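Working notes for the structure below.
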Amino acid sequence: MWVDDQYIAFDFETSGTLPEYALQPWRVAHNQAWATSLATVRRTATGPIIGGGLLVAEPFTATARYIRELLTTAIEHKLTLVGWNVAFDISWLLAYGFRELVFKCKFLDGMLLWKHLTVTPEYDIDKAHKKSFSLKDAVREFMSDRGGYEEDIDFHSTAPESLAKLHKYNIQDTAYTLWLTRKFYKQLEAEPTRLKAALIEASCLPLVADANLRGLMLDHAALRTLGETLTADAETSLAALAPYGVTEAVVRSPKQLGGLMYGQWGLPVIKQNTSKKTGKVTNSTDKEVLHELAFIDARARTIREYREALGNKTKFVDAPLESINYNSDGCSHPLANVYSTYTGRMSYSSKQGKNKDERQIGFALHQEKRDPTYRAIVVPPQGYTLVEFDAAGQEYRWMAVASKDDAMLQLCLPGEDPHGYMGAQIAREEYHTLLAALKAGDPAAKPKRQLGKLANLSLGYRTSAAKLRTVARVQYDLPMELPEAEYIKNTYLRTYPGVPRYWAEQIAKVRRLGYAETFAGRQVQVVGTWSGADRWSLESTAINFPIQGTGGDQKYLALAVLRPYVVKHGIQFAWELHDGLYFYIPTKLVDKAIAEMKFLLDNLPYTKAWGFTPPVPMPWDCKVGTSWGNLKEVKV
DNA sequence: CTCCCTTGCGCC
DNA sequence: AAAGGGCGCAAGGGAG
């Protein structure tokens with residue numbers, strides 16, 4: 001239960017040698033950014049206690065004194081530190097050198113609690129305009145009499161009257177944060193499982209703040225090699241295409257490329273895009289189109305290769321290099337955002353600011369290609385080894401749990417091979433015959449399992465046969481035709497009859513309740529016109545949310561359980577990729593640590609944390625390496 | 001010129 | 001009628 005004197009809210013105001021450096025705490029170490037004000041607020045029976053102070057006029061030791069006072073007070077009195085988007089403020093605590101104390105503290109984020117209460121997926125065309133969860137929006141919505149207090153605040157002035165005003169504003173921010181967090185917390189108390197899911201999630205905040213502050217070390221030689229390869233690839237493609245009127249500008253413009261291919265070359269238009277807003281129809285030049293056109297004109301294949309080389313060079317070589325160049329600490333800082341998708345998953349951003357003012361602080365970490373030559377650019381710091389734990393077959397397993405499908409559940413038991421099973425079904429073979437052939441290295445067996453894997457990964461969410469055919473042809477380069485795709489889809493539905501049953505029952509349930517929930521108790525509001533244009537979208541949310549959302553909750557539970565172990569052994573949380581968690585482990589500790597961490601992960605306290613016991617094991621795989629590109633599976 | 005929208009595509 | 005879901009980033013094109 002919420003008890004006022006167990007919480008203390010805090011908030012930093014920050015600045016730097018450039019205004020935008022105020023958002024980049026890794027510049028503290030280089031005197032390019034600093035905190036200008038720290039405010040702390042507690043509620044007591046006799047009134048609020050306000051702490052902290054103005055920092056910019058103070059010597060550095062005073063800043064440290066205020067921070068130490070906050071953290072030691074919190075630790076001594078077992079207070080939870082409350083903030084708004086608090087991972088940012090935790091990064092500042094860490095930037096000033098208080099790692100040890102920070103990791104002894106509990107944190108809570110009012111913004112995230114608000115999300116837990118209100119998040120709803122966006123359905124309309126206007127997807128870009130998502131609800132804002134800023135403190136100012138919360139104040140406007142819940143404390144309308146206090147609105148406008150943020151007007152005329154200068155975050156960077158050093159004039160005494162401006163500074164006094166800034167600090168007063170900071171105290172207000174902090175007080176509102178505490179009031180709002182308290183309100184949201186009490187609201188969640190009525191639904192204990194939802195509150196618990198939020199509290200487990202909150203446990204990861206200092207780990208995330210630490211990772212955001214530290215950033216990623218990149219291997220310059222690997223970046224150079226990748227850049228040279230992609231530049232050479234692009235030049236080769238361009239040399240082959242230039243005689244036919246292709247230039248870089250043409251390939252980078254769908255409109256110009258369409259004009260060339262369909263106008264001048266006379267290739268057939270096989271797919272069109274219709275704008276949802278204007279209804280305007282354009283000729284598609286996407287990779288599916290190029291894949292199909294390649295059968296009648298080899299130039300289409302080269303165009304696809306050219307466009308890929310250009311795009312990948314920009315995204316995975318130029319952007320990482322630019323971020324290192326920008327940050328001045330030799331690192332790239334893709335920023336992790338907790339609970340930034342409606343299912344609860346994290347996302348990363350690689351830029352701050354918008355349009356002309358954008359700054360390249362990181363790169364598209366979540367989009368890094370799987371190819372080891374791309375992933376090789378990320379390396380652990382000196383003396384550390386990179387270790388990945390990934391939740392084995394995460395979505396397949398949660399789909400098995402959600403659908404209660406007998407065959408799926410059975411295939412989640414130790415020693416089974418779901419893709420081999422599905423492959424055998426498709427090939428009309430006996431499961432164990434295929435397993436034996438796979439084990440014997442029979443060359444005909446592997447493609448059969450591959451097809452099973454494709455079916456298992458693609459068909460769990462109402463994918464059409466046409467879409468399956470496209471994925472098989474374009475992604476896997478399998479010459480599949482529609483009848484075969486239909487056969488595979490039917491085989492899938494026959495093999496796992498619980499899955500279509502789950503679809504129907506889950507849709508009906510969510511439609512009735514108005515919300516969907518994960519096995520951890522995280523919810524999303526799903527309301528709208530179930531009979532209209534939004535129907536498919538609403539239904540898909542109903543089906544998808546428990547699977548993807550539980551995966552997210554599983555990741556937060558894993559981080560919560562690993563946190564004490566990681567802190568105790570000097571291990572650093574590096575980043576996440578939905579079902580994968582990456583750590584830097586001191587190299588001397590690796591053997592012992594991976595065994596112990598895997599044990600913790602394989603035995604996560606689902607029942608205690610969620611009040612739900614998965615009916616099948618939820619194992620984690622472990623990979624170890626000296627870069628993201630050379631991770632090797634380790635059997636622990 | 002800036003800003004917004006659309007297309008295209010990378011990962012899970 | 002038919003339709004996997006979730007994101008973020010790059011680039012051109014067009015509106016103002």
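Model, not experiment: these values are computed from the prediction. Throughout, protein chains are lettered first and strands after them, A, B, ... in sequence-line order, and every chain is numbered starting at 1.
Non-hydrogen atoms lying under 4.0 Å from DNA chain C are contributed by nothing in residues 482-509 of chain A. Of the residues in residues 348-357 of chain A, Tyr348(A), Ser349(A), Ser350(A), Lys351(A) come within less than 4.0 Å of DNA chain C through at least one heavy atom, sorted by number.
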**Request:** Would you mind building the protein contact string for nucleotides 7-12 of chain B? One character per nucleotide, 5' to 3', B for base within reach (heavy atoms under 4.0 Å), S for sugar-phosphate only, - for untouched.
**Result:** SSSBSB
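Atom CD in Glu248(A) sits about 12 Å away from atom C1' in dA10(C), given to the nearest Å. When the P atom of dG5(C) is taken as reference, atom CG of Leu457(A) falls 16 Å away, rounded to whole Å. Residue Glu358(A) contributes atom CD, which lies 13 Å from atom P of dC4(B) at whole-angstrom precision. If you take CZ of Arg252(A) and P of dA11(C), they are 5 Å apart, rounded to a whole angstrom.
Across all strands, Thr343(A) comes closer than 4.0 Å to no nucleic acid atom at all (heavy-atom distances). Here Ala249(A) lies out of heavy-atom contact (under 4.0 Å) with every strand.
In the set dA10(C), dC7(C), dC9(C), dC9(C) carries the atom at the smallest distance from any side-chain atom of Ala364(A).
If you check the side chains of Gln523(A) and His116(A), you find no donor sitting under 3.5 Å from an acceptor. Side-chain N/O atoms of Glu20(A) and Gln352(A) include no donor and acceptor closer than 3.5 Å. For the residue pair His366(A)/Glu576(A), the side-chain donor-acceptor check at 3.5 Å is satisfied.
Both cation-pi conditions hold for Arg299(A) and Trp265(A): the charged atom is under 6.0 angstrom from the six-membered ring centre and inside a 45 degree cone around its axis. Within the cation-pi definition used here (under 6.0 Å to the ring centroid, within 45° of the axis), Arg501(A) does not qualify as a partner of Tyr496(A). Annotation: cation-pi geometry not satisfied between Lys489(A) and Tyr487(A) (NZ/CZ under 6.0 angstrom from ring centroid, within 45° of ring axis).
For Pro372(A), there are no side-chain contact (heavy atoms from CB on, under 4.5 Å) partners two or more places apart in sequence or in a different chain. Residues meeting the side chain to side chain donor-acceptor pair (under 3.5 Å) test with Gln256(A), sequence neighbours left out: none. Applying the side-chain contact (heavy atoms from CB on, under 4.5 Å) rule to Ala558(A) yields the partners Leu581(A), Leu601(A), Leu604(A), Trp620(A); only residues at least two apart in sequence or on another chain are considered. For Lys315(A), the side-chain contact (heavy atoms from CB on, under 4.5 Å) partners two or more places apart in sequence, or in a different chain, are Ala364(A), Gln367(A). Listed by chain and residue number, Trp398(A), Phe612(A) satisfy the ring-ring contact (aromatic ring centres under 6.0 Å, His included) test with Phe519(A) (two or more places apart in sequence, or in another chain).
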For residues 457-465 of chain A, which side-chain donor-acceptor pairs fall under 3.5 Å, sequence neighbours excluded?
| from | atom 1 | to | atom 2 | distance (Å) |
| --- | --- | --- | --- | --- |
| Ser458(A) | OG | Leu454(A) | O | 2.9 |
| Tyr461(A) | OH | Glu395(A) | OE1 | 2.6 |
| Arg462(A) | NH1 | Glu539(A) | OE1 | 2.8 |
| Arg462(A) | NH2 | Trp536(A) | O | 3.3 |
| Arg462(A) | NH2 | Ser540(A) | OG | 2.9 |
| Thr463(A) | OG1 | Ser458(A) | O | 2.4 |
| Ser464(A) | OG | Lys467(A) | N | 3.0 |

Pair up each side-chain donor or acceptor in residues 222-237 of chain A with any protein partner under 3.5 Å, not counting sequence neighbours, and list the distances.
| from | atom 1 | to | atom 2 | distance (Å) |
| --- | --- | --- | --- | --- |
| Thr225(A) | OG1 | Ala221(A) | O | 2.8 |
| Thr229(A) | OG1 | Thr225(A) | O | 2.8 |
| Thr231(A) | OG1 | Gly227(A) | O | 2.7 |
| Thr236(A) | OG1 | Ala232(A) | O | 2.8 |
| Ser237(A) | OG | Asp233(A) | O | 3.2 |

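Among Gln272(A), Lys255(A), Lys271(A), the one residue that satisfies the side-chain hydrogen bond (donor to acceptor under 3.5 Å, both in side chains) test with Asn283(A) is Gln272(A).
In terms of modelled atom types and a separation under 3.5 Å, the side chain of Arg359(A) and the main chain of Asp357(A) share a donor-acceptor contact.
Here the straight-line distance linking atom NZ of Lys280(A) with atom CG of Asn273(A) works out to 11.5 Å at 0.5 Å rounding.
Both stacking criteria are satisfied for Tyr461(A) over the base of dG4(C): a centre-to-centre distance under 5.5 angstrom and an angle between ring planes under 30 degrees.
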**Message:** Taking Watson-Crick (N1-N3 plus N6-O4 or O6-N4) and G-U wobble (N1-O2, O6-N3), each under 3.5 Å, can you produce the dot-bracket string of DNA chain C? Use [ ] for crossing pairs and | for inter-strand ones.
**Reply:** ....||||||||||||
What are the atom names and distances for every N/O pair under 3.5 Å that joins the protein to nucleotides 1-3 of chain C?
| from | atom 1 | to | atom 2 | distance (Å) |
| --- | --- | --- | --- | --- |
| dA3(C) | OP1 | Ser464(A) | OG | 3.1 |

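Listed pair Ser347(A) / dG8(C) meets the phosphate criterion, a side-chain N or O lying under 4.0 Å from OP1 or OP2. Within the structure, every side-chain polar atom (N or O) of Gln360(A) is placed at least 4.0 Å from both OP1 and OP2 of dC9(C).
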